[in-house]
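So you know, we letter chains A, B, ... as the sequences are listed, proteins then strands, and number each from 1. Note that these values count all heavy atoms, side chains included, but never hydrogens, waters or copies made by symmetry. None of the values given here were measured: they were computed from a predicted structure.
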2 protein chains.
Amino acid sequence: MSLKEGSRRRGQELEDAILDAAWAVLDEHGYSGFTFEAIAARAGTSRPVLYRRWPQRTDLLLATLTKFWAGQPIPLPDTGNLREDAITLLRRAGVGRARMITLLGTQLMDYFRETGTSFSDLREQLLPADRRRGGFETILARAVERGEVPDVPRSARVVNLPFDLVRHDMLMTLRPVPDESIIEIVDEVWLPLIR
Amino acid sequence: MSLKEGSRRRGQELEDAILDAAWAVLDEHGYSGFTFEAIAARAGTSRPVLYRRWPQRTDLLLATLTKFWAGQPIPLPDTGNLREDAITLLRRAGVGRARMITLLGTQLMDYFRETGTSFSDLREQLLPADRRRGGFETILARAVERGEVPDVPRSARVVNLPFDLVRHDMLMTLRPVPDESIIEIVDEVWLPLIR
DNA sequence: GCCTTAAGGTACGCAGCTGTATCTAACGAT
DNA sequence: ATCGTTAGATACAGCTGCGTACCTTAAGGC
(Lines give C-alpha, C1' and ligand atoms only; values in the text may rest on other atoms or scores of the structure.)
Protein backbone atom coordinates (compact mmCIF):
# COMPACT_ATOMS: atom_id res chain seq x y z
CA MET A 1 0.00 0.00 0.00
CA SER A 2 1.79 3.05 -1.28
CA LEU A 3 -0.47 5.75 0.03
CA LYS A 4 1.53 8.40 1.79
CA GLU A 5 -1.13 9.63 4.17
CA GLY A 6 -0.61 6.52 6.16
CA SER A 7 -4.17 5.27 6.35
CA ARG A 8 -5.76 2.23 4.88
CA ARG A 9 -9.01 2.67 3.04
CA ARG A 10 -11.86 0.58 4.29
CA GLY A 11 -15.40 -0.26 3.33
CA GLN A 12 -17.14 2.00 0.86
CA GLU A 13 -14.18 4.27 0.30
CA LEU A 14 -12.06 1.35 -0.79
CA GLU A 15 -14.82 -0.12 -2.89
CA ASP A 16 -15.32 3.17 -4.67
CA ALA A 17 -11.62 3.41 -5.41
CA ILE A 18 -11.60 -0.08 -6.83
CA LEU A 19 -14.64 0.50 -9.01
CA ASP A 20 -13.25 3.81 -10.24
CA ALA A 21 -10.10 1.98 -11.21
CA ALA A 22 -12.06 -0.82 -12.83
CA TRP A 23 -14.00 1.62 -14.97
CA ALA A 24 -10.85 3.40 -16.06
CA VAL A 25 -9.18 0.12 -16.94
CA LEU A 26 -12.21 -1.03 -18.92
CA ASP A 27 -12.31 2.24 -20.81
CA GLU A 28 -8.63 2.26 -21.66
CA HIS A 29 -7.94 -1.42 -22.20
CA GLY A 30 -11.26 -3.05 -22.97
CA TYR A 31 -12.49 -6.26 -21.47
CA SER A 32 -9.37 -8.18 -22.35
CA GLY A 33 -7.39 -5.76 -20.24
CA PHE A 34 -9.93 -5.89 -17.42
CA THR A 35 -7.87 -8.13 -15.15
CA PHE A 36 -7.61 -8.40 -11.39
CA GLU A 37 -3.93 -7.63 -11.76
CA ALA A 38 -4.48 -4.40 -13.69
CA ILE A 39 -7.36 -3.18 -11.58
CA ALA A 40 -5.66 -3.89 -8.27
CA ALA A 41 -2.57 -2.06 -9.44
CA ARG A 42 -4.67 0.84 -10.71
CA ALA A 43 -6.56 1.07 -7.43
CA GLY A 44 -3.39 0.82 -5.39
CA THR A 45 -4.52 -2.31 -3.65
CA SER A 46 -3.81 -6.02 -3.75
CA ARG A 47 -5.59 -8.75 -5.61
CA PRO A 48 -6.87 -10.66 -2.58
CA VAL A 49 -8.79 -7.51 -1.66
CA LEU A 50 -10.60 -7.70 -4.97
CA TYR A 51 -11.20 -11.45 -4.76
CA ARG A 52 -12.74 -11.04 -1.34
CA ARG A 53 -15.49 -8.94 -2.77
CA TRP A 54 -15.87 -10.20 -6.29
CA PRO A 55 -14.74 -13.81 -6.66
CA GLN A 56 -15.09 -13.76 -10.44
CA ARG A 57 -14.13 -11.22 -13.07
CA THR A 58 -17.71 -11.06 -14.26
CA ASP A 59 -18.85 -10.09 -10.74
CA LEU A 60 -16.46 -7.17 -10.76
CA LEU A 61 -17.55 -6.18 -14.25
CA LEU A 62 -21.21 -6.12 -13.30
CA ALA A 63 -20.45 -4.11 -10.17
CA THR A 64 -18.51 -1.61 -12.25
CA LEU A 65 -21.26 -1.27 -14.82
CA THR A 66 -23.88 -0.97 -12.11
CA LYS A 67 -22.04 1.99 -10.67
CA PHE A 68 -21.04 3.80 -13.84
CA TRP A 69 -23.86 2.93 -16.16
CA ALA A 70 -26.95 1.87 -14.29
CA GLY A 71 -26.27 4.13 -11.36
CA GLN A 72 -25.76 7.40 -13.19
CA PRO A 73 -28.28 8.35 -15.82
CA ILE A 74 -27.12 10.51 -18.70
CA PRO A 75 -28.79 13.89 -18.24
CA LEU A 76 -31.22 14.70 -21.00
CA PRO A 77 -31.29 18.16 -22.58
CA ASP A 78 -34.55 20.07 -22.31
CA THR A 79 -34.16 23.08 -24.55
CA GLY A 80 -37.85 23.46 -25.40
CA ASN A 81 -37.11 22.57 -29.03
CA LEU A 82 -37.00 19.03 -30.36
CA ARG A 83 -34.28 19.52 -32.91
CA GLU A 84 -32.02 21.20 -30.35
CA ASP A 85 -32.67 18.47 -27.81
CA ALA A 86 -31.85 15.81 -30.38
CA ILE A 87 -28.64 17.44 -31.56
CA THR A 88 -27.47 18.14 -28.03
CA LEU A 89 -28.16 14.60 -26.89
CA LEU A 90 -26.29 13.15 -29.85
CA ARG A 91 -23.30 15.37 -29.16
CA ARG A 92 -23.28 14.11 -25.59
CA ALA A 93 -23.18 10.53 -26.75
CA GLY A 94 -19.68 11.03 -28.12
CA VAL A 95 -17.78 12.32 -25.13
CA GLY A 96 -16.67 11.26 -21.69
CA ARG A 97 -18.59 8.64 -19.78
CA ALA A 98 -21.44 8.68 -22.25
CA ARG A 99 -19.05 7.76 -25.02
CA MET A 100 -17.93 4.75 -23.10
CA ILE A 101 -21.50 3.68 -22.47
CA THR A 102 -22.41 4.20 -26.10
CA LEU A 103 -19.60 1.90 -27.18
CA LEU A 104 -20.00 -0.60 -24.36
CA GLY A 105 -21.51 -3.23 -26.60
CA THR A 106 -18.32 -3.41 -28.59
CA GLN A 107 -16.03 -3.39 -25.57
CA LEU A 108 -17.70 -6.44 -24.10
CA MET A 109 -17.73 -8.87 -26.98
CA ASP A 110 -15.56 -11.32 -25.08
CA TYR A 111 -17.87 -11.15 -22.08
CA PHE A 112 -20.86 -11.85 -24.31
CA ARG A 113 -19.07 -14.76 -25.89
CA GLU A 114 -18.20 -16.18 -22.46
CA THR A 115 -21.69 -15.82 -21.12
CA GLY A 116 -23.72 -16.38 -24.26
CA THR A 117 -25.43 -13.04 -23.73
CA SER A 118 -25.57 -9.74 -25.57
CA PHE A 119 -25.69 -6.03 -24.94
CA SER A 120 -29.46 -6.12 -25.08
CA ASP A 121 -29.48 -8.78 -22.36
CA LEU A 122 -27.09 -6.76 -20.25
CA ARG A 123 -29.25 -3.70 -20.53
CA GLU A 124 -32.29 -5.72 -19.45
CA GLN A 125 -30.33 -7.04 -16.52
CA LEU A 126 -28.76 -3.85 -15.23
CA LEU A 127 -31.03 -0.98 -16.06
CA PRO A 128 -34.24 -0.38 -14.16
CA ALA A 129 -37.29 -0.58 -16.38
CA ASP A 130 -37.73 3.17 -16.62
CA ARG A 131 -34.16 3.54 -17.81
CA ARG A 132 -34.54 1.13 -20.67
CA ARG A 133 -36.37 3.62 -22.80
CA GLY A 134 -33.80 5.60 -24.68
CA GLY A 135 -33.33 9.30 -24.25
CA PHE A 136 -35.02 9.89 -27.58
CA GLU A 137 -38.30 8.53 -26.35
CA THR A 138 -38.27 11.09 -23.59
CA ILE A 139 -37.36 14.13 -25.65
CA LEU A 140 -39.89 13.15 -28.29
CA ALA A 141 -42.60 12.72 -25.65
CA ARG A 142 -41.82 16.21 -24.43
CA ALA A 143 -42.11 17.58 -27.96
CA VAL A 144 -45.48 15.87 -28.30
CA GLU A 145 -46.60 17.52 -25.07
CA ARG A 146 -45.45 20.88 -26.28
CA GLY A 147 -47.49 20.26 -29.43
CA GLU A 148 -44.36 20.46 -31.52
CA VAL A 149 -45.01 17.19 -33.33
CA PRO A 150 -48.25 15.27 -33.76
CA ASP A 151 -49.23 12.65 -31.24
CA VAL A 152 -49.17 9.57 -33.45
CA PRO A 153 -47.80 6.11 -32.72
CA ARG A 154 -44.22 5.63 -33.83
CA SER A 155 -42.13 2.50 -33.78
CA ALA A 156 -39.18 2.29 -31.41
CA ARG A 157 -37.15 1.84 -34.57
CA VAL A 158 -37.98 5.31 -35.80
CA VAL A 159 -37.86 6.97 -32.38
CA ASN A 160 -34.41 5.71 -31.57
CA LEU A 161 -33.00 6.02 -35.06
CA PRO A 162 -30.67 8.96 -34.47
CA PHE A 163 -29.00 7.36 -31.53
CA ASP A 164 -28.61 4.05 -33.34
CA LEU A 165 -26.98 5.76 -36.28
CA VAL A 166 -24.63 7.76 -34.11
CA ARG A 167 -23.59 4.67 -32.24
CA HIS A 168 -22.98 2.94 -35.53
CA ASP A 169 -20.82 5.80 -36.77
CA MET A 170 -18.86 5.82 -33.56
CA LEU A 171 -18.25 2.12 -33.91
CA MET A 172 -16.99 2.61 -37.43
CA THR A 173 -14.63 5.46 -36.75
CA LEU A 174 -13.97 5.34 -33.00
CA ARG A 175 -14.19 9.11 -33.02
CA PRO A 176 -16.90 11.49 -31.99
CA VAL A 177 -19.40 11.95 -34.76
CA PRO A 178 -18.80 15.30 -36.44
CA ASP A 179 -21.46 17.94 -36.05
CA GLU A 180 -22.36 17.92 -39.71
CA SER A 181 -23.13 14.20 -39.48
CA ILE A 182 -25.25 14.71 -36.39
CA ILE A 183 -27.16 17.46 -38.13
CA GLU A 184 -27.53 15.30 -41.23
CA ILE A 185 -28.98 12.46 -39.19
CA VAL A 186 -31.44 14.73 -37.41
CA ASP A 187 -32.46 16.92 -40.35
CA GLU A 188 -32.35 14.54 -43.31
CA VAL A 189 -33.29 11.27 -41.71
CA TRP A 190 -35.10 11.60 -38.42
CA LEU A 191 -37.19 14.73 -38.56
CA PRO A 192 -38.64 13.82 -41.99
CA LEU A 193 -39.70 10.48 -40.53
CA ILE A 194 -41.44 11.85 -37.46
CA ARG A 195 -43.11 14.90 -38.92
CA MET B 1 2.24 -32.96 -37.71
CA SER B 2 -0.61 -35.33 -37.04
CA LEU B 3 -1.87 -35.78 -40.57
CA LYS B 4 -2.36 -39.42 -41.36
CA GLU B 5 -1.85 -39.25 -45.08
CA GLY B 6 1.81 -38.91 -44.42
CA SER B 7 2.53 -35.78 -46.38
CA ARG B 8 3.60 -32.39 -45.30
CA ARG B 9 1.76 -29.47 -46.76
CA ARG B 10 3.90 -26.87 -48.47
CA GLY B 11 3.52 -23.45 -50.01
CA GLN B 12 0.02 -22.27 -50.92
CA GLU B 13 -1.72 -25.34 -49.59
CA LEU B 14 -0.22 -24.81 -46.17
CA GLU B 15 -0.87 -21.10 -46.24
CA ASP B 16 -4.52 -21.68 -47.12
CA ALA B 17 -4.88 -24.13 -44.26
CA ILE B 18 -3.38 -21.63 -41.85
CA LEU B 19 -5.56 -18.77 -43.03
CA ASP B 20 -8.66 -20.96 -42.89
CA ALA B 21 -7.78 -21.81 -39.31
CA ALA B 22 -7.07 -18.18 -38.52
CA TRP B 23 -10.46 -17.09 -39.80
CA ALA B 24 -12.22 -19.80 -37.82
CA VAL B 25 -10.36 -18.85 -34.65
CA LEU B 26 -11.16 -15.17 -35.15
CA ASP B 27 -14.82 -15.95 -35.68
CA GLU B 28 -15.12 -18.20 -32.64
CA HIS B 29 -12.83 -16.51 -30.18
CA GLY B 30 -12.47 -12.92 -31.32
CA TYR B 31 -9.23 -11.03 -31.53
CA SER B 32 -8.21 -11.84 -27.99
CA GLY B 33 -8.33 -15.50 -28.91
CA PHE B 34 -6.47 -14.90 -32.16
CA THR B 35 -3.13 -16.22 -30.97
CA PHE B 36 -0.31 -17.98 -32.73
CA GLU B 37 -0.78 -20.83 -30.32
CA ALA B 38 -4.47 -21.28 -31.11
CA ILE B 39 -4.14 -20.84 -34.85
CA ALA B 40 -1.18 -23.18 -35.16
CA ALA B 41 -3.04 -25.82 -33.20
CA ARG B 42 -6.16 -25.31 -35.31
CA ALA B 43 -4.20 -25.58 -38.53
CA GLY B 44 -2.33 -28.64 -37.34
CA THR B 45 1.01 -26.96 -37.65
CA SER B 46 3.64 -25.46 -35.41
CA ARG B 47 4.12 -21.89 -34.33
CA PRO B 48 7.48 -21.36 -36.00
CA VAL B 49 5.74 -22.08 -39.31
CA LEU B 50 3.42 -19.16 -38.67
CA TYR B 51 6.18 -16.86 -37.49
CA ARG B 52 8.14 -17.56 -40.65
CA ARG B 53 5.42 -16.04 -42.73
CA TRP B 54 3.86 -13.51 -40.45
CA PRO B 55 6.25 -12.22 -37.81
CA GLN B 56 3.56 -10.28 -35.98
CA ARG B 57 0.01 -11.10 -35.03
CA THR B 58 -1.23 -8.07 -36.92
CA ASP B 59 0.42 -9.37 -40.11
CA LEU B 60 -1.48 -12.61 -39.78
CA LEU B 61 -4.70 -10.76 -39.06
CA LEU B 62 -4.38 -8.62 -42.17
CA ALA B 63 -3.57 -11.65 -44.30
CA THR B 64 -6.64 -13.41 -42.96
CA LEU B 65 -8.89 -10.44 -43.61
CA THR B 66 -7.43 -9.97 -47.05
CA LYS B 67 -8.38 -13.51 -47.94
CA PHE B 68 -11.80 -13.74 -46.33
CA TRP B 69 -13.04 -10.19 -46.61
CA ALA B 70 -11.23 -8.26 -49.29
CA GLY B 71 -10.77 -11.28 -51.47
CA GLN B 72 -14.33 -12.54 -51.63
CA PRO B 73 -17.06 -10.04 -52.33
CA ILE B 74 -20.50 -10.67 -50.93
CA PRO B 75 -22.74 -11.46 -53.89
CA LEU B 76 -25.46 -8.89 -54.42
CA PRO B 77 -29.03 -9.94 -55.17
CA ASP B 78 -30.48 -8.73 -58.45
CA THR B 79 -34.16 -9.58 -58.33
CA GLY B 80 -35.31 -6.75 -60.58
CA ASN B 81 -37.14 -5.17 -57.64
CA LEU B 82 -35.51 -2.77 -55.20
CA ARG B 83 -37.42 -3.81 -52.11
CA GLU B 84 -36.67 -7.46 -52.76
CA ASP B 85 -32.99 -6.73 -53.36
CA ALA B 86 -32.80 -4.74 -50.14
CA ILE B 87 -34.51 -7.35 -48.01
CA THR B 88 -32.46 -10.18 -49.48
CA LEU B 89 -29.21 -8.34 -48.96
CA LEU B 90 -30.06 -7.56 -45.35
CA ARG B 91 -30.92 -11.17 -44.69
CA ARG B 92 -27.56 -12.17 -46.09
CA ALA B 93 -25.77 -9.83 -43.73
CA GLY B 94 -26.79 -11.95 -40.79
CA VAL B 95 -25.50 -15.37 -41.71
CA GLY B 96 -22.26 -17.18 -42.36
CA ARG B 97 -19.20 -15.31 -43.56
CA ALA B 98 -21.18 -12.16 -44.19
CA ARG B 99 -22.27 -12.11 -40.55
CA MET B 100 -18.68 -12.22 -39.48
CA ILE B 101 -17.77 -9.38 -41.79
CA THR B 102 -20.74 -7.32 -40.64
CA LEU B 103 -19.61 -7.64 -37.05
CA LEU B 104 -15.90 -7.34 -37.73
CA GLY B 105 -15.68 -3.84 -36.31
CA THR B 106 -16.70 -5.11 -32.91
CA GLN B 107 -14.42 -8.14 -33.01
CA LEU B 108 -11.36 -6.02 -33.59
CA MET B 109 -11.60 -3.40 -30.87
CA ASP B 110 -8.35 -4.52 -29.30
CA TYR B 111 -6.58 -4.34 -32.65
CA PHE B 112 -7.89 -0.81 -33.18
CA ARG B 113 -6.74 0.18 -29.71
CA GLU B 114 -3.28 -1.27 -30.37
CA THR B 115 -2.89 0.43 -33.71
CA GLY B 116 -4.84 3.62 -33.11
CA THR B 117 -7.00 2.84 -36.11
CA SER B 118 -10.66 2.02 -36.72
CA PHE B 119 -12.89 -0.13 -38.86
CA SER B 120 -13.22 2.68 -41.36
CA ASP B 121 -9.44 2.86 -41.65
CA LEU B 122 -9.21 -0.88 -42.09
CA ARG B 123 -11.77 -0.82 -44.85
CA GLU B 124 -9.82 1.93 -46.62
CA GLN B 125 -6.69 -0.12 -46.28
CA LEU B 126 -7.94 -3.50 -47.38
CA LEU B 127 -10.75 -3.04 -49.80
CA PRO B 128 -10.11 -1.90 -53.34
CA ALA B 129 -11.76 1.40 -54.14
CA ASP B 130 -14.66 -0.13 -56.04
CA ARG B 131 -15.47 -2.34 -53.10
CA ARG B 132 -15.75 0.48 -50.61
CA ARG B 133 -19.18 1.45 -51.84
CA GLY B 134 -21.72 -0.56 -49.95
CA GLY B 135 -24.01 -3.03 -51.59
CA PHE B 136 -26.88 -0.62 -51.15
CA GLU B 137 -25.32 1.88 -53.49
CA THR B 138 -25.24 -0.74 -56.19
CA ILE B 139 -28.76 -2.06 -55.79
CA LEU B 140 -30.11 1.48 -55.63
CA ALA B 141 -28.21 2.44 -58.77
CA ARG B 142 -29.80 -0.53 -60.53
CA ALA B 143 -33.24 0.59 -59.39
CA VAL B 144 -32.53 4.06 -60.75
CA GLU B 145 -31.56 2.51 -64.08
CA ARG B 146 -34.71 0.45 -64.17
CA GLY B 147 -36.62 3.68 -63.54
CA GLU B 148 -37.96 2.29 -60.31
CA VAL B 149 -36.93 5.31 -58.23
CA PRO B 150 -36.14 8.84 -59.36
CA ASP B 151 -32.58 9.76 -60.22
CA VAL B 152 -31.91 12.37 -57.56
CA PRO B 153 -28.81 12.86 -55.41
CA ARG B 154 -28.94 11.06 -52.09
CA SER B 155 -26.49 11.20 -49.24
CA ALA B 156 -24.43 8.11 -48.43
CA ARG B 157 -26.14 8.35 -45.07
CA VAL B 158 -29.54 7.68 -46.54
CA VAL B 159 -28.35 5.16 -49.13
CA ASN B 160 -26.59 2.97 -46.58
CA LEU B 161 -29.12 3.41 -43.83
CA PRO B 162 -30.63 -0.10 -43.89
CA PHE B 163 -27.30 -1.80 -43.62
CA ASP B 164 -26.15 0.50 -40.82
CA LEU B 165 -29.30 -0.22 -38.85
CA VAL B 166 -29.03 -3.95 -39.35
CA ARG B 167 -25.43 -3.92 -38.25
CA HIS B 168 -26.41 -1.93 -35.21
CA ASP B 169 -29.14 -4.42 -34.33
CA MET B 170 -26.78 -7.31 -34.77
CA LEU B 171 -24.32 -5.66 -32.46
CA MET B 172 -27.01 -5.17 -29.85
CA THR B 173 -28.38 -8.68 -29.90
CA LEU B 174 -25.64 -10.82 -31.47
CA ARG B 175 -28.37 -12.62 -33.34
CA PRO B 176 -29.58 -12.42 -36.90
CA VAL B 177 -32.04 -9.60 -37.31
CA PRO B 178 -35.57 -11.02 -37.48
CA ASP B 179 -37.40 -10.68 -40.75
CA GLU B 180 -39.99 -8.35 -39.33
CA SER B 181 -37.22 -5.95 -38.28
CA ILE B 182 -35.63 -6.12 -41.71
CA ILE B 183 -38.97 -5.40 -43.32
CA GLU B 184 -39.61 -2.58 -40.86
CA ILE B 185 -36.27 -0.99 -41.70
CA VAL B 186 -36.87 -1.22 -45.44
CA ASP B 187 -40.56 -0.30 -45.52
CA GLU B 188 -40.89 2.23 -42.69
CA VAL B 189 -37.52 3.88 -42.74
CA TRP B 190 -35.63 3.48 -45.97
CA LEU B 191 -38.15 3.41 -48.77
CA PRO B 192 -39.99 6.49 -47.47
CA LEU B 193 -36.68 8.36 -47.48
CA ILE B 194 -35.67 7.47 -51.02
CA ARG B 195 -39.02 7.71 -52.75
C1' DG C 1 20.87 -39.65 -55.63
C1' DC C 2 22.06 -35.09 -53.85
C1' DC C 3 21.07 -30.58 -52.34
C1' DT C 4 18.18 -27.00 -50.79
C1' DT C 5 14.28 -25.41 -48.64
C1' DA C 6 10.91 -25.48 -45.47
C1' DA C 7 7.73 -28.16 -42.46
C1' DG C 8 7.34 -30.00 -38.02
C1' DG C 9 8.75 -30.88 -33.29
C1' DT C 10 10.66 -29.58 -29.09
C1' DA C 11 12.83 -26.92 -25.67
C1' DC C 12 13.92 -22.74 -23.31
C1' DG C 13 13.24 -18.45 -20.88
C1' DC C 14 10.19 -14.98 -19.98
C1' DA C 15 5.95 -12.32 -18.97
C1' DG C 16 1.37 -11.93 -17.48
C1' DC C 17 -2.29 -13.57 -15.03
C1' DT C 18 -5.07 -16.60 -11.96
C1' DG C 19 -6.39 -18.48 -7.55
C1' DT C 20 -5.09 -19.15 -3.10
C1' DA C 21 -2.65 -19.35 1.42
C1' DT C 22 -0.41 -17.06 5.06
C1' DC C 23 1.18 -13.37 7.76
C1' DT C 24 1.35 -8.61 9.53
C1' DA C 25 -0.64 -4.43 10.52
C1' DA C 26 -4.24 -0.95 10.53
C1' DC C 27 -8.81 0.42 11.73
C1' DG C 28 -13.07 0.65 14.30
C1' DA C 29 -15.90 -0.81 18.12
C1' DT C 30 -16.17 -1.92 22.81
C1' DA D 1 -6.22 -1.59 25.99
C1' DT D 2 -8.36 -5.51 23.68
C1' DC D 3 -10.64 -7.82 20.11
C1' DG D 4 -12.44 -8.68 15.65
C1' DT D 5 -12.31 -7.58 10.98
C1' DT D 6 -10.15 -6.50 6.99
C1' DA D 7 -6.48 -4.20 4.21
C1' DG D 8 -2.13 -5.01 2.30
C1' DA D 9 1.96 -7.70 1.24
C1' DT D 10 4.03 -11.66 -0.29
C1' DA D 11 4.67 -16.21 -1.85
C1' DC D 12 3.45 -20.27 -4.31
C1' DA D 13 1.97 -23.23 -8.04
C1' DG D 14 0.08 -23.47 -12.30
C1' DC D 15 -1.37 -22.08 -16.85
C1' DT D 16 -1.20 -19.65 -21.30
C1' DG D 17 1.15 -17.51 -24.71
C1' DC D 18 5.17 -15.28 -26.82
C1' DG D 19 9.55 -15.28 -29.26
C1' DT D 20 13.23 -17.87 -30.51
C1' DA D 21 16.79 -21.50 -31.17
C1' DC D 22 17.91 -25.87 -32.68
C1' DC D 23 17.30 -30.30 -34.69
C1' DT D 24 15.15 -33.76 -37.70
C1' DT D 25 12.72 -34.93 -41.62
C1' DA D 26 9.98 -34.50 -45.74
C1' DA D 27 9.32 -32.45 -50.24
C1' DG D 28 10.75 -30.65 -54.58
C1' DG D 29 14.06 -29.58 -58.12
C1' DC D 30 18.04 -30.80 -60.65
Do any side-chain nitrogens or oxygens of T45(A) fall under 4.0 Å of OP1 or OP2 in dA7(D)?
->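 No.
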
Side-chain N,O (R57(B)) to OP1/OP2 (dG17(D)) below 4.0 Å |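 For R57(B), the contact criterion (side-chain N or O under 4.0 Å from OP1 or OP2 of dG17(D)) is not met.
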
[N] [atom2] sits how many Å from [X] [atom1], rounded?
X: I39(B); N: dT16(D); atom1: CD1; atom2: P; result: 17 Å
X: L50(B); N: dT20(D); atom1: CG; atom2: P; result: 14 Å
X: R53(A); N: dT5(D); atom1: CZ; atom2: C1'; result: 12 Å
X: D59(A); N: dG19(C); atom1: CG; atom2: P; result: 11 Å
X: L60(B); N: dC18(D); atom1: CG; atom2: P; result: 10 Å
X: I18(A); N: dG8(D); atom1: CD1; atom2: C1'; result: 11 Å
X: F34(A); N: dG16(C); atom1: CZ; atom2: C1'; result: 17 Å
X: D16(A); N: dA7(D); atom1: CG; atom2: P; result: 13 Å

Hey, is D20(B) close enough to R42(B) for a salt bridge, meaning N to O under 4.0 Å?
->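 Not counted as a salt bridge, because no side-chain N and carboxylate O are separated by less than 4.0 Å.
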
Would you mind checking if D16(B) and K67(B) are paired as a salt bridge, meaning a charged N to carboxylate O distance below 4.0 Å?
->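 A salt bridge links K67(B) with D16(B).
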
Do you know which two heavy atoms are closest between T64(A) and A22(A), and how far apart they sit?
->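 T64(A) and A22(A) have their closest heavy atoms at OG1-CB, 3.4 Å.
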
Shortest side-chain distance from [X], nucleotide among [options]:
X: P48(B); options: dA21(D), dG17(D), dG8(C); result: dA21(D)
X: R8(B); options: dA11(D), dT25(D), dG17(D); result: dT25(D)
X: R52(A); options: dA7(D), dG17(D), dG19(D); result: dA7(D)
X: R9(B); options: dG8(D), dG17(D), dG8(C); result: dG8(C)
X: V49(A); options: dG8(D), dA6(C), dG19(C); result: dG8(D)

Toward the 5' end of DNA chain D, by each residue's nearest nucleotide, R10(B) or F36(B) |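 The residue whose closest nucleotide sits nearer the 5' end is F36(B).
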
Toward the 5' end of DNA chain D, which comes first, G11(A) or E37(B), by nearest nucleotide?
->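 It is G11(A), whose closest nucleotide lies nearer the 5' terminus.
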
Check whether any side-chain heavy atom of I18(A) sits under 4.5 Å from a side-chain heavy atom of W54(A), and report yes or no.
->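 Side chain of I18(A) against side chain of W54(A), heavy atoms only: contact under 4.5 Å found.
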
Please test T88(B) against D85(B) for side chain to side chain donor-acceptor pair (under 3.5 Å), starting from the C-alpha separation and ending with a verdict.
-> CA-CA 5 Å; T88(B) 304; D85(B) 279 356; 5.8 Å; no

Would you state whether a donor and an acceptor, one from the side chain of R47(A) and one from the base of dG19(C), lie under 3.5 Å apart?
->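 Check passes, donor-acceptor contact within cut-off.
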
Using a heavy-atom cut-off of under 4.0 Å over every strand shown, decide if S46(B) touches base, sugar-phosphate, or nothing.
->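 S46(B): base contact, heavy atoms under 4.0 Å.
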
Have a look at Y51(B) and say if it touches a base, only the backbone sugar-phosphate, or nothing, with a 4.0 Å heavy-atom cut-off.
->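 Base contact.
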
